[in-house]
K.L.:
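Quick one: this structure, given as structure tokens, is what I'll be asking you about.
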Amino acid sequence: MAEPILPGPSEITVRAPAKINLTLRVGSARRDGFHPLATVYQAVSLYEEVTATPADPGVFELEIIGEGADQLPVDDRNLAIRAAKLLAEEAALTDHVGLSLVINKQVPVAAGLAGGSADAAATLLAAAEIWELDLAPQDLQPLAARLGSDVPFALIGGTAVGSGRGESVAPALARGHYHWVLGLSSRGLSTPEVYRRYDDLGPTPPSPFEVPVDLMNALRSGDPEKLGAQLINDLQAPAIDLMPELAELLQAGRDLGAIGAVVSGSGPTCAFLARSESAAVDLTVGLSSSGLCRTARYVTGPVPGARPGGTMAWS
Ligand code: C5P
């Protein structure tokens, strides 16, 4: 990797989006314990904001504010700290650099929206900028993949096909701008636990194992009605098995006019597709007052991946 030209900027803020999965096909567990995926991610307008400043060499520190801040560790268990240390190590700078991070969270914890992955992606970009590593976002993809299955997608955003264990991403040919409502739960679901329940339920992986052609056609058409009919998630059954109330929430969304309803990732967030902005606002109000979820958030997608926020431009 490139040598740093110090000093770099004294502060940078990067924001990275949450994701939903428009389709999530899951295969049988691999020998390494991960499951092969055929998925389509879409980045939505709910963001994590990571502000980084230089710290003394060897000091990596983190403060978290916002949604669910008190539920997260701020040490090496946190993916953002791991991301900063990994980048320092790969750049052979471990004894020469440090980083202070502040994460302002909007994305709920353990929600199936990849908030932790967004933190890691934003941290990679922020650290690369602070340490003046001459790296483009795509240069960070291999490190992102080592950090977690959803981290590479958080770097690119938009709408993308994911394969491997989810870490291998390619932009999808997609049209349209979609209005989503996220039904957020008052508690989280552990991703490994949902995958374990998936295994326990004795699933039959789809054959052929690929993203459904009808979904790709729906995305090419840009027609929300067509997309709504194609939403599918193989982790929905295990998520509902662990949290039966999700079935009721999905049905409530459909009854309130959603043209598609699906559990996002490993859940428990449910994503509802609306026909229009005004339909999404009505759906948000209806779901918020249904008593079936903690709250509902209106978001749009696709949005770009991790990039500097505020006034700084990414070159
Ligand atoms: O990659 P990530 O750290 O997000 O994965 C968290 C956990 O989810 C893994 O340890 C594994 O138990 C499960 N997982 C899986 N198959 C995948 C992705 C995640 O079994 N493709």
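Along the sequence shown, residues carry numbers from 1.
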K.L.:
Of the non-hydrogen atoms in Leu246 and Pro268, which two are nearest, and what is the gap between them?
P.N.:
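Taking Leu246 first and Pro268 second, the nearest heavy atoms are CD2-O, 3.4 Å.
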K.L.:
Decide yes or no on side chain to side chain contact (heavy atoms under 4.5 Å, CB included) for Val303 and Val44, but give the supporting numbers first.
P.N.:
CA-CA 6 Å; Val303 298; Val44 294; 5.5 Å; no
K.L.:
Indicate, with yes or no, if Leu219 and Phe272 share a hydrophobic cluster defined by side-chain heavy-atom contacts under 4.5 Å among Ile, Leu, Val, Met, Phe, Trp and Tyr.
P.N.:
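No, Phe272 does not connect to Leu219 through the hydrophobic network.
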K.L.:
Between Gly66 and Asn104, what is the shortest heavy-atom contact and its length?
P.N.:
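Smallest heavy-atom distance, with atoms named: CA-OD1, 4.2 Å.
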K.L.:
Please confirm whether the backbone N or O of Arg77 pairs with a side-chain atom of Arg82, one donor and one acceptor, at under 3.5 Å?
P.N.:
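Indeed, once roles are kept as given, a pair shorter than 3.5 Å links the two residues.
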K.L.:
Considering only heavy atoms from C-beta outward, does the side chain of Val14 approach that of Glu129 to under 4.5 Å?
P.N.:
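No; the side chains remain at least 4.5 Å from each other.
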K.L.:
Do Thr23 and Pro212 touch side chain to side chain, with heavy atoms closer than 4.5 Å?
P.N.:
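They are in contact (side-chain heavy atoms under 4.5 Å apart), so the answer is yes.
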K.L.:
Linking Ile, Leu, Val, Met, Phe, Trp and Tyr by side-chain heavy atoms under 4.5 Å, what else ends up with Ile65?
P.N.:
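Members other than Ile65 - counting any ILVMFWY side chain reachable under 4.5 Å - are Val102.
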K.L.:
Would you say Leu155 and Leu125 make side-chain contact, with heavy atoms under 4.5 Å?
P.N.:
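Yes. Closest side-chain heavy atoms under 4.5 Å.
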K.L.:
Mind running side chain to side chain contact (heavy atoms under 4.5 Å, CB included) on Lys105 and Asp119 for me, showing each step along the way?
P.N.:
CA-CA 9 Å; Lys105 291 188 66 63; Asp119 296 340; 3.8 Å; yes
K.L.:
Answer yes if the side chains of Thr159 and Gln42 hold a donor-acceptor pair under 3.5 Å, and no otherwise.
P.N.:
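Yes, because at least one side-chain N or O of Thr159 sits under 3.5 Å from a partner of the opposite role on Gln42.
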K.L.:
Report yes if some heavy atom in the side chain of Tyr195 is under 4.5 Å from a heavy atom in the side chain of Val26; otherwise report no.
P.N.:
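Yes, close enough: below the 4.5 Å cut-off.
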K.L.:
Any Lys/Arg nitrogen of Arg297 or Glu67 sitting under 4.0 Å from an Asp/Glu carboxylate oxygen of the other?
P.N.:
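Result for this pair is no, no salt bridge flagged.
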K.L.:
For Arg294, does the CZ atom sit with more than 12 other heavy atoms under 6.0 Å from it, leaving out its own atoms?
P.N.:
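Yes, enclosed.
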K.L.:
Grab the two heavy atoms, one from Gly265 and one from Leu24, that are nearest each other, plus how far apart they are.
P.N.:
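Closest heavy-atom pair between Gly265 and Leu24: CA-CD2, 3.9 Å.
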K.L.:
Within the 4.5 Å heavy-atom criterion, are Gln236 and Leu250 side-chain neighbours or not?
P.N.:
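Answer yes - side chains close enough.
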K.L.:
Write down the atom of Ala122, the atom of Val50, and the distance for their closest heavy-atom approach.
P.N.:
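In terms of heavy atoms, the two residues are closest at CB-CG2, 3.6 Å.
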K.L.:
Taking side chain as C-beta onward, heavy atoms only, is Tyr47 less than 4.5 Å from Val107?
P.N.:
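Counting from C-beta outward, Tyr47 and Val107 never come under 4.5 Å.
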K.L.:
Should Leu133 and Leu87 count as side-chain neighbours, where that means a heavy-atom distance under 4.5 Å?
P.N.:
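Side chain of Leu133 against side chain of Leu87, heavy atoms only: contact under 4.5 Å found.
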K.L.:
Any Lys/Arg nitrogen of Glu49 or Arg15 sitting under 4.0 Å from an Asp/Glu carboxylate oxygen of the other?
P.N.:
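No, no charged N to carboxylate O under 4.0 Å.
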K.L.:
Indicate yes or no for a side-chain donor-acceptor contact from Tyr41 to the backbone of Gly166 under 3.5 Å, with no hydrogens or angles considered.
P.N.:
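The answer is yes, because a donor-acceptor pair under 3.5 Å joins these two groups.
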K.L.:
Taking Ile130 as the starting point, is it possible to reach Leu93 by hopping between hydrophobic residues whose side chains are less than 4.5 Å apart?
P.N.:
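Same cluster: Leu93 reaches Ile130 through Ile, Leu, Val, Met, Phe, Trp or Tyr contacts under 4.5 Å.
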K.L.:
Side-chain heavy atoms under 4.5 angstrom apart, residues restricted to Ile, Leu, Val, Met, Phe, Trp, Tyr: same cluster for Phe60 and Leu140?
P.N.:
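The answer is yes; both residues are in one hydrophobic cluster.
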K.L.:
Shared ILVMFWY cluster between Leu287 and Val262, side chains joined below 4.5 angstrom?
P.N.:
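Hydrophobic grouping puts Leu287 apart from Val262.
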K.L.:
A side-chain contact here means heavy atoms from C-beta on lying under 4.5 Å apart; do Met216 and Leu173 qualify?
P.N.:
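Heavy-atom side-chain distance check fails, nothing below 4.5 Å.
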K.L.:
Could you tell me whether the side chain of Glu48 and the main chain of Gln106 form a donor-acceptor pair under 3.5 Å?
P.N.:
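Between the backbone of Gln106 and the side chain of Glu48 there is a qualifying donor-acceptor contact (under 3.5 Å).
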K.L.:
Using side chain to side chain contact (heavy atoms under 4.5 Å, CB included), reason through Leu215 and Leu227 one step at a time and then give a plain yes or no.
P.N.:
CA-CA 6 Å; Leu215 174 82; Leu227 180 62; 3.5 Å; yes
K.L.:
When clusters are formed by joining ILVMFWY residues with side-chain heavy atoms under 4.5 Å apart, either directly or through shared neighbours, do Val109 and Leu184 land in the same one?
P.N.:
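In one cluster with Val109: Leu184, no.
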K.L.:
Run the numbers on Glu277 and Thr300 for side chain to side chain contact (heavy atoms under 4.5 Å, CB included), then give the verdict.
P.N.:
CA-CA 9 Å; Glu277 181 175 352; Thr300 59; over 6 Å; no
K.L.:
Any side-chain to backbone donor/acceptor pair from Glu167 onto Arg165? Under 3.5 Å, distance only.
P.N.:
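At least one qualifying donor-acceptor pair exists.
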K.L.:
Looking at every heavy atom in both Ile20 and Ser264, which two are closest together, and how far apart are they?
P.N.:
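Taking every non-hydrogen atom into account, CA-OG, 3.5 Å.
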K.L.:
If we ignore angles and hydrogens, is there a donor and acceptor under 3.5 Å between the side chains of Thr53 and Glu11?
P.N.:
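Checked: Thr53/Glu11 side chains show no N/O donor-acceptor pair below 3.5 Å.
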K.L.:
Between atom CG of Asn78 and atom CD1 of Ile103, what is the distance when rounded to the nearest 0.5 Å?
P.N.:
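Output value for this atom pair is 5.0 Å.
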